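First up is the structure itself, then whatever we jot down about it.
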Protein chains: 2
Amino acid sequence: MQMDDRKWTILKAIIKTYLETGEPVGSRTISKYPDLNLSSATIRNEMSDLEEMGYILQPHTSAGRIPSDAGYRLYVDRMMEEKEQEVTEIRELMVQRQDRMELLLKQVVKFLAANTNYATMITGPRLHHTRLKFIQLSIVDDSQILAVIVTETNVVKNRMIRLEHGLDRETVLKLNLLLNTNLNGLTIEQINLSTISKLKEEAGIHSDIVSQVLDAVAEAINQEEDVEIYTSGATNFFKYPELSDTAKASELISTFEEKHPLASLMLPSEIGEDGENSNIQVYIGQETPLDTMKDCSVVTASYDMGGGMYGRVGIVGPKRMDYDKVIGILKNLTQQLDELYKK
Amino acid sequence: MQMDDRKWTILKAIIKTYLETGEPVGSRTISKYPDLNLSSATIRNEMSDLEEMGYILQPHTSAGRIPSDAGYRLYVDRMMEEKEQEVTEIRELMVQRQDRMELLLKQVVKFLAANTNYATMITGPRLHHTRLKFIQLSIVDDSQILAVIVTETNVVKNRMIRLEHGLDRETVLKLNLLLNTNLNGLTIEQINLSTISKLKEEAGIHSDIVSQVLDAVAEAINQEEDVEIYTSGATNFFKYPELSDTAKASELISTFEEKHPLASLMLPSEIGEDGENSNIQVYIGQETPLDTMKDCSVVTASYDMGGGMYGRVGIVGPKRMDYDKVIGILKNLTQQLDELYKK
DNA sequence: TGTTAGCACTCGTCACATTGGAGTGCTAAC
DNA sequence: GTTAGCACTCCAATGTGACGAGTGCTAACA
């Protein structure tokens, strides 16, 4: 069977009306569609074909049709080819308080959730390939030293280091100098065991305590592996009857509360084959890696703020999601994020 | 009408069975209760009295009785008098990673949620009355200075300060000395406008830039007003049919997602009149300050880790909550928290 | 050959009546 | 004061039938 132009128009019409209403759509409804000028009977024949081809299906014998996963997939794929998204302005949002990454990300997901009526999520930026700007050790008290680490992108991390014996001011000063002359400008990955052991040699004196401190610093630098995930709008699931029965809603919202499982939806994007659009990833129904979301669709996009700070942002909603709008918004948002730190 | 001993036993029996089943309880059920040896007819008479007194009510004419808010209230009040809670061990939980407050709190709410099957929340400790341990300014680049502030309780805060003109090393060193000699040992409240303006005078030179820096530091110190709230187990609401219809569940879970509204449930405890127990606060049904929770009960308890770090932890569940157990666990938990930092 | 009108058929939904049982209140007897 | 018995109430579960939306098929039409 061939997918001709008329079938495609009908399929689009079915999907669009289903997106709006959430209810199976019948042949008569489609026959009223302006672009088409066919009787319901003809539509029925075409629908029958489309069903055979696997793009739509019937919940029960005498109901209308709803799109299948394959139908959505076709729709989304053609959509992304056709569309080159116009850029609307979301920037005002960004301007407030750039200084604290966490707040920014929370604002972003909240904004997204409010504007799409779906559940949203974002991963904090990974710090790979980020260079160190400086490190500062300070004496807190007899048994504790505070390490403050600042990256090129102004992300600040603290680490309290407990020691059995205190260190005197001089040693700390020396260590600061040592750390800064040797590590500044290096990326996180470049600071590994061998770098550290070289430092240890160079330090020489007090080698036991010093190496304790250095180990702690190295650990703090590399610790960033557990990426934070921020979410918002989990209760939006209730807006879609097909997801809001107790069992499903409970599972979905739990997943959003736990946050960790979401990581599997937000893996670093696959290698972009065709440049531009490849950073948008769409999972439809069964395609999603999370079992809880087999009745949902997931759209994610990656952002890259430069300086090695990159992450993913995404939304989760019913399969009858307004893909068009969602993809548009995500593209736009990531573009804004990309430019944010380049200024 | 007098509340005699038999009425009290019957009321307790009604509440307990209702807590378990969630369904109106009839006279026959109660008549089987081991402590009582009465026929269902007698129970009915007593129930009729209890209803007149306002402690129980009938959802409809031919249904069993359920406890009213007043009934729960009486139950809880007597409960808290009677009970002196035995201390079970939750401590292992605490031992892992004390160093990061945030992780600890997240663990605590998760633990609570898992053990009670209710939704749980905790406020991060306020920093009032906490003394400063030290402040460290560092030059990040031409236009930025990083302020690191450490409190007596080892809570660390960073603040990036942007300036139009850079500062030279010497000035920063002087400022560090100035800040540390004047502010160390003071509590957060003691550092107010007048303290700062005194500092500004003392600094003298460069007064415009210096005052910018000082203002930023003061702001960072006092900024702690927006207390973080951590939550867990919001989806536990689904476990109770009376809360899991779409509208109610959606509202409740939204409230838990937003977090801010919960603050009104976690206000600093009222002045303890009778010492020991007064830190437990129970809201039943309409009593709670949040409208969304008028079908719930809320139990909160305060913890005080010493050094001015205190906060509240609480749980939210259906009115038929296992008050006995919950109060026990909360008492125990807060006791553990109280002792945690005293070691 | 493609399109359309018509018709019988399917099946879920809604309104309504029916029934069973749990629970009550009241009364009379112990 | 306690209890057994009985009539009564009302919810919840179940069944029934009408309705309507939607289909597939067939036959007629352009």
Side-chain angles (χ1 to χ4, degrees), chain A residues 1-11 13-18 20-68 71 241-242 245, chain B residues 1-11 13-15 17-18 20-68 71 241-242 244-245:
Chain A
M1 186 108 36
Q2 258 295 29
M3 171 63 112
D4 57 23
D5 226 40
R6 195 169 74 179
K7 282 194 175 52
W8 173 234
T9 320
I10 292 175
L11 181 57
I14 294 174
I15 296 186
K16 272 193 185 158
T17 31
Y18 183 67
E20 281 166 29
T21 64
E23 286 185 358
V25 355
S27 51
R28 234 180 87 76
T29 320
I30 298 300
S31 72
K32 287 181 203 139
Y33 206 74
D35 292 12
L36 256 14
N37 234 345
L38 298 170
S39 79
S40 62
T42 316
I43 305 283
R44 276 203 290 284
N45 291 331
E46 294 287 27
M47 278 171 139
S48 177
D49 291 353
L50 284 169
E51 184 165 8
E52 202 181 317
M53 293 159 80
Y55 293 126
I56 55 181
L57 41 84
Q58 261 183 310
H60 57 264
T61 323
S62 71
R65 307 301 215 287
I66 61 174
S68 70
E242 65 267 45
D245 77 278
Chain B
M1 185 106 41
Q2 256 296 28
M3 172 63 111
D4 57 24
D5 225 39
R6 196 169 75 179
K7 281 194 176 50
W8 174 234
T9 319
I10 292 176
L11 181 57
I14 294 175
I15 295 185
T17 32
Y18 182 67
E20 280 167 29
T21 64
E23 285 183 1
V25 352
S27 52
R28 235 181 85 78
T29 318
I30 297 302
S31 72
K32 288 179 201 138
Y33 205 77
D35 293 12
L36 255 15
N37 234 344
L38 296 171
S39 80
S40 63
T42 318
I43 305 283
R44 277 204 289 285
N45 292 331
E46 294 287 27
M47 277 171 142
S48 178
D49 291 353
L50 283 169
E51 184 165 8
E52 201 180 318
M53 293 160 82
Y55 293 126
I56 55 181
L57 40 85
Q58 261 183 312
H60 57 263
T61 324
S62 72
R65 307 304 216 285
I66 61 175
S68 69
E242 64 266 47
S244 65
D245 77 279

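All of these numbers come straight from a predicted model, not from anything done at the bench. Quick note on labels: first sequence line is chain A, next is B, and so on, each numbered from 1.
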Check each residue of residues 43-52 of chain A for a non-hydrogen atom within less than 4.0 Å of any atom in DNA chain D, then write out the ones that pass by number, or none.
->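 The stretch gives A:R44, A:M47 as the residues lying under 4.0 Å from the strand, ordered by number.
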
Can you spot which of A:T9, A:T29, A:I30 makes a side-chain contact (heavy atoms from CB on, under 4.5 Å) with A:I14?
->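 Between A:I14 and the candidates, side-chain contact (heavy atoms from CB on, under 4.5 Å) is satisfied uniquely by A:I30.
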
Verdict with reasoning, B:Y18 to B:I15, per side-chain contact (heavy atoms from CB on, under 4.5 Å) = CA-CA 5 Å; B:Y18 182 67; B:I15 295 185; 5.7 Å; no

Just checking A:S27: base, sugar-phosphate only, or nothing, at a heavy-atom cut-off of under 4.0 Å?
->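 Counting heavy atoms under 4.0 Å across all strands, the contact made by A:S27 is with sugar-phosphate only.
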
Identify whether any heavy atom of B:T42 sits under 4.0 Å from a base atom; if not, whether one sits that close to sugar-phosphate; answer base, sugar-phosphate or nothing.
-> base

Hey, could you give me each pair passing salt bridge (charged side-chain N to carboxylate O under 4.0 Å, His left out) that has a residue in residues 41-56 of chain A? Not counting sequence neighbours.
->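 Non-adjacent pairs meeting salt bridge (charged side-chain N to carboxylate O under 4.0 Å, His left out): A:R6-A:E46, A:K7-A:E46, A:K7-A:D49, A:E51-A:R65.
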
Listed once per pair and sorted, the salt bridge (charged side-chain N to carboxylate O under 4.0 Å, His left out) pairs that draw on residues 20-33 of chain B, sequence neighbours left out = none

Are any of the side-chain heavy atoms of B:M47 and B:Y55 separated by less than 4.5 Å?
-> no

Please check if atom [atom1] in [X] has more than 12 non-hydrogen atoms from other residues, nucleotides or ligands closer than 6.0 Å.
{"X": "B:D5", "atom1": "CG", "result": "no"}
{"X": "A:N37", "atom1": "CG", "result": "no"}
{"X": "B:D4", "atom1": "CG", "result": "yes"}

What are the atom names and distances for every N/O pair under 3.5 Å that joins the protein to nucleotides 14-21 of chain D?
none

Using whole Å, report how far CD1 of B:I30 lies from P of D:dT3.
-> 15 Å

What integer distance in Å separates B:H60:NE2 from D:dA12:C1'?
-> 9 Å

Which pair of heavy atoms, one from [X] and one from [Y], lies closest together, and at what distance?
{"X": "B:L57", "Y": "B:S68", "result": "CD2-CB, 3.7 Å"}
{"X": "B:S27", "Y": "B:S40", "result": "CB-O, 3.6 Å"}
{"X": "A:S31", "Y": "A:S39", "result": "CB-C, 3.9 Å"}

Roughly how bent is the helix from C:dT1-D:dA30 to C:dC30-D:dG1 end to end, in steps of 10 degrees, with each end axis from five pairs?
->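 End axes: 20° apart.
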
If each of A:T61 and B:S40 is mapped to the nucleotide of DNA chain D with the nearest heavy atom, which maps nearer the 5' terminus, i.e. the 5' end?
->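 Nearer the 5' end of the strand: B:S40.
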
A:L50 vs A:M3, side-chain contact (heavy atoms from CB on, under 4.5 Å): CA-CA, chis, key distance, verdict = CA-CA 9 Å; A:L50 284 169; A:M3 171 63 112; 4.3 Å; yes

Where chain A begins and ends its contact with DNA chain C, read 5' to 3' at 4.0 Å from heavy atoms |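 First and last nucleotides in contact are C:dT3 to C:dG12.
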
Please check if the side chain of B:T42 supplies one atom and the backbone of B:L38 the other of a donor-acceptor pair under 3.5 Å.
->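 No, because the side chain of B:T42 does not come within donor-acceptor range (under 3.5 Å) of the backbone of B:L38.
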
